[in-house]
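Would you mind keeping the following structure in view while I ask a few things?
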Amino acid sequence: MLKPILIPLFLLLSSTAFSTNAPPLTTIDATQTELDAFIATVEGGLLKINANKQIVVHLVGASEVEASIDWSPLCEKYNIEFLLVGPKLPNVTSKKRESQCTHYHKSLYSRRSLAESNLNKNLLIPDLVIGFNVDIYMIYWRRTLGELIQLRKPIIVTVYCAYEGHKLVRLM
């Protein structure tokens with residue numbers, strides 16, 4: 001039984017914890033160095049796969065950070081189409097953000113979700129999959145990790161801290 005003095009505190013805490021106006025747990029504010037590293041990572045991956053055709057790159061776990069990057073220089077240089085996939089993607093409302101080579105799917109990454117979308121069928125099978133600073137070793141990413149492995153395509157995952165990489169290596 002809660003003591004009378006704890007009831008108002010509990011009600012206050014529970015109402016703010018479930019509020020739709022609550023701030024996000026983390027705010028992503030990428031520096032220009034980080035954004036440049038994202039572009040360099042993609043370019044490095046493209047050089048490794050050495051494709052000589054139209055390339056489709058899936059950026060998984062994409063958020064407003066990946067959506068803010070101008071991917072068109074890489075598109076032109078390497079003949080790429082990008083598909084950014086993630087539940088935290090902002091709604092694409094301006095033509096400025098959606099270019100000829102950058103497409104968006106606001107959803108968790110799964111082959112089923114992609115197949116049920118209205119995306120161009122050429123975008124559904126990637127040549128390269130990249131996830132930037134994803135917590136892919138965490139339990140909520142395990143289904144996505146399984147989906148990615150089943151693709152049998154090159155996967156690049158960057159992590160923010162060394163301990164994350166060690167956990168991912170053990171999981172793999």
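Keep in mind it's a predicted model, so treat the numbers as computed, not measured.
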Notebook entry, point to check: Do Glu81 and Leu123 touch side chain to side chain, with heavy atoms closer than 4.5 Å?
Noted result: yes
Among the clusters formed by ILVMFWY side chains lying less than 4.5 Å apart, do Ile156 and Val65 turn up in the same one?
yes
Sorted by chain and number, sequence neighbours left out, salt bridge (charged side-chain N to carboxylate O under 4.0 Å, His left out) with Glu76 holds for none
Distance col, row Ile155:CD1 vs Leu145:CG, nearest 0.5 angstrom, shows 7.0 Å
Report yes or no: do Tyr78 and Ile39 belong to one cluster of Ile/Leu/Val/Met/Phe/Trp/Tyr joined by side chain heavy-atom distances under 4.5 Å?
yes
With sequence neighbours left out, the residues meeting side-chain contact (heavy atoms from CB on, under 4.5 Å) with Asp70 are Ser72, Pro73
Output for pair (Gln150 CD, Leu148 CG), nearest 0.5 Å, gives 9.5 Å
Check: Any side-chain heavy atom of Asn122 sitting closer than 4.5 Å to one from Leu124?
Finding: no
Applied to residues 39-68, the ring-ring contact (aromatic ring centres under 6.0 Å, His included) test, sequence neighbours excluded, yields His58-Tyr109
Those residues at least two apart in sequence (or on a different chain) that pass salt bridge (charged side-chain N to carboxylate O under 4.0 Å, His left out) with Lys77 are Glu43
Heavy-atom closest pair (Leu119 atom, Tyr104 atom, distance to 0.1 Å) is CD2-O, 4.1 Å
Mind checking whether Ile80 and Trp71 have side chains closer than 4.5 Å, heavy atoms only?
no
Sorted by chain and residue number, the side-chain contact (heavy atoms from CB on, under 4.5 Å) partners of Pro154 (sequence neighbours excluded) come out as Ile49, Leu128
Applying side-chain contact (heavy atoms from CB on, under 4.5 Å) to Thr33 and not counting sequence neighbours gives Thr31
* Thr41 vs Phe38 side-chain heavy atoms within contact, under 4.5 Å -> no
When every non-hydrogen atom of Lys153 is compared with those of Asp127, the smallest separation belongs to CB-O, 4.3 Å
For Glu147, the salt bridge (charged side-chain N to carboxylate O under 4.0 Å, His left out) test, sequence neighbours excluded, returns Arg111
Should Leu59 and Val85 count as side-chain neighbours, where that means a heavy-atom distance under 4.5 Å?
-> no
Taken in chain and number order and not counting sequence neighbours, the residues that satisfy side-chain hydrogen bond (donor to acceptor under 3.5 Å, both in side chains) with Asn79 are none
(Q) Evaluate Ile130 against Val42 for side chain to side chain contact (heavy atoms under 4.5 Å, CB included), listing each step before the verdict. (A) CA-CA 8 Å; Ile130 301 175; Val42 171; 3.7 Å; yes
Exercise. Taking the side chain as every heavy atom from C-beta outward, state whether Leu84 and Leu89 have any atom pair closer than 4.5 Å.
Key: yes
Sorted by chain and residue number, the side-chain hydrogen bond (donor to acceptor under 3.5 Å, both in side chains) partners of Gln54 (sequence neighbours excluded) come out as none
Hits for side-chain hydrogen bond (donor to acceptor under 3.5 Å, both in side chains) against Ser113, two or more places apart or cross-chain, chain-then-number order -> His105, Ser107
Exercise. Under 4.5 Å between any side-chain heavy atoms of Leu83 and Leu114, yes or no?
Worked result: yes
Taken in chain and number order and not counting sequence neighbours, the residues that satisfy salt bridge (charged side-chain N to carboxylate O under 4.0 Å, His left out) with Arg112 are Glu116
Within one Ile-Leu-Val-Met-Phe-Trp-Tyr cluster: Leu35 and Phe132, side-chain cutoff 4.5 Å:
yes
Can you find a heavy atom in the side chain of Phe82 that is under 4.5 Å from one in the side chain of Ile55?
no
